[in-house]
2 protein chains.
Amino acid sequence: MRKINSTNALNEAQLIRNCGVVHALSIIGGRWKPTILFNLLYGKMRYNELLKSIPGVSERMLIAQLRELEQHGLIRRIVYPEVPPKVEYELTTLGKSAGPMLQGISDWGNKLRNKKTATTKNTAGISA
Amino acid sequence: MRKINSTNALNEAQLIRNCGVVHALSIIGGRWKPTILFNLLYGKMRYNELLKSIPGVSERMLIAQLRELEQHGLIRRIVYPEVPPKVEYELTTLGKSAGPMLQGISDWGNKLRNKKTATTKNTAGISA
DNA sequence: TCAGGTACTAACAAAAAAGTAAGTATGCGT
DNA sequence: ACGCATACTTACTTTTTTGTTAGTACCTGA
């Protein structure tokens with residue numbers, strides 16, 4: 001759990017206030033968030049679809065990251081009152097606004113990787 | 001220390017291979033790296049200068065992040081054989097190439113913050 | 001009545017990141 | 001002989017993030 005008065009938390013809070021990059025990364029960073037966002041850039045997806053299309057995520061992690069993205073207003077959770085349950089996630093306008101930035105980061109990251117290895121293995125980025 | 005066979009490490013490695021964003025963030029992310037990079041965008045700086053211009057970093061953290069940036073080829077460490085010691089850090093070409101990306105992330109982060117609070121308090125970003 | 005499908009939740013454990021405090025090396029000036 | 005300045009190291013603790021496992025709730029069809 002989060003200790004709001006730890007040096008760590010205070011440092012983070014200050015950096016978030018002062019540095020746009022740290023602020024942005026506190027929202028789109030983390031182990032699974034970039035991949036989730038990339039998936040949703042193409043349209044809405046159900047919980048199970050996300051789970052299947054992101055190799056390695058556990059349910060707990062997926063839900064946790066979805067919740068955070070939702071709290072930050074990047075995605076919207078749409079519940080259909082059916083049985084069995086049906087829940088879809090889609091990007092909000094804010095979430096979509098992150099697209100070009102994500103693309104920029106992705107490009108830089110991929111360029112860097114391609115400098116070191118000749119093989120190109122991008123399956124999760126927007127671009128090829 | 002890093003366990004190379006933990007699920008965590010394996011997941012991270014896979015994501016780094018497949019997702020440009022995760023790859024990029026593994027290099028420029030972390031608590032202090034963005035701020036360090038912003039500082040160096042304006043020119044080279046000595047270790048102590050960095051320490052003073054980044055409120056809240058401990059020496060250990062600063063060194064650790066500088067070492068990682070150096071290992072990833074974003075910065076160069078220049079040692080002057082003097083006493084007392086003098087060491088400067090500067091961006092490499094690769095480091096400089098991250099500038100526009102950092103600016104993009106910073107802009108998005110700042111825009112987001114300015115939507116929520118009316119006050120603008122950016123002191124560490126490239127832009128005002 | 002019982003398994004099946006969907007979307008979760010909770011309790012706990014492991015790993016990683018960040019922070020704290022104290023120490024090291026070197027030559028110079030006093 | 002001693003403290004100063006600079007740029008670090010080292011050993012250790014705390015905090016945070018990530019992963020594991022076993023549930024829960026609901027209706028449906030067999």
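Here is the naming used below: chain letters follow the sequence lines, and residue numbers restart at 1 for every chain. Everything numeric in this text was worked out from a predicted model, so none of it was measured.
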Student: How about Tyr47(B) and Glu88(B): does a side-chain donor come under 3.5 Å of a side-chain acceptor?
Tutor: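 The answer is no; no qualifying pair exists.
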Student: Between Leu112(B) and Leu94(A), is any pair of side-chain heavy atoms under 4.5 Å apart?
Tutor: yes
Student: Would you mind reading off the distance between Trp32(A) atom CH2 and dT18(D) atom C1', rounded to a whole angstrom?
Tutor: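 Going from Trp32(A) (CH2) to dT18(D) (C1'), I get 9 Å.
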Student: Would you indicate whether the side-chain heavy atoms of Arg31(A) and Leu15(B) approach each other to under 4.5 Å?
Tutor: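 Contact flag for Leu15(B)/Arg31(A) side chains = yes.
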Student: Quick one: salt bridge (charged side-chain N to carboxylate O under 4.0 Å, His left out) partners of Glu90(A), sequence neighbours excluded?
Tutor: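 Counting only residues at least two positions away or on another chain, Glu90(A) forms a salt bridge (charged side-chain N to carboxylate O under 4.0 Å, His left out) with Arg76(A).
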Student: Look at all strands and tell whether Gln65(B) reaches a base, only sugar-phosphate, or nothing, counting heavy atoms closer than 4.0 Å.
Tutor: sugar-phosphate
Student: I want to check something: taking the side chain as every heavy atom from C-beta on, are Arg46(A) and Val87(A) in contact at a cut-off of under 4.5 Å?
Tutor: no
Student: So how far off straight is the helix from dT1(C)-dA30(D) to dT30(C)-dA1(D), going by the axes through five pairs at either end, to 10°?
Tutor: 30°
Student: Charged N to carboxylate O under 4.0 angstrom, Glu12(B) versus Arg2(B)?
Tutor: yes
Student: Given side chains that start at C-beta, do those of Leu40(B) and Leu74(B) come closer than 4.5 Å, heavy atoms only?
Tutor: no
Student: Using 4.0 Å as the upper bound for N to carboxylate O, is an ion pair formed by Lys44(A) and Glu49(A)?
Tutor: no
Student: Return yes if a side-chain donor-acceptor contact under 3.5 Å exists between Glu70(A) and Tyr89(A), otherwise no.
Tutor: no
Student: Would you mind listing the cluster partners of Tyr80(A)? Hydrophobic ones only (ILVMFWY), side-chain contacts under 4.5 Å, chaining allowed.
Tutor: Ile78(A)
Student: Anything under 4.0 Å to a heavy atom of chain B counts; send over the first and last such nucleotide of DNA chain C, read 5' to 3'.
Tutor: dA15(C) to dG27(C)
Student: Just by distance, with hydrogens left out, do Asn11(B) and Thr7(B) show a side-chain donor and acceptor under 3.5 Å apart?
Tutor: no
Student: Would you tabulate the nitrogen or oxygen pairs shorter than 3.5 Å linking the protein to nucleotides 26-30 of chain D?
Tutor:
none

Student: State, yes or no, whether a side-chain contact exists between Gln14(B) and Cys19(B) at a heavy-atom distance under 4.5 Å.
Tutor: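 The answer is no; the side chains never approach within 4.5 Å.
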Student: I want to check something: taking the side chain as every heavy atom from C-beta on, are Asn18(A) and Thr35(B) in contact at a cut-off of under 4.5 Å?
Tutor: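 No, too far: nothing below the 4.5 Å cut-off.
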Student: Any chance you could list the contact pattern along nucleotides 8-17 of chain D? Use B for base contacts, S for sugar-phosphate-only contacts and - for none, protein heavy atoms under 4.0 Å, 5' to 3'.
Tutor: BSBB---SSS
Student: In whole angstrom, what separates Ile54(A)'s CD1 from dG19(D)'s C1'?
Tutor: 16 Å
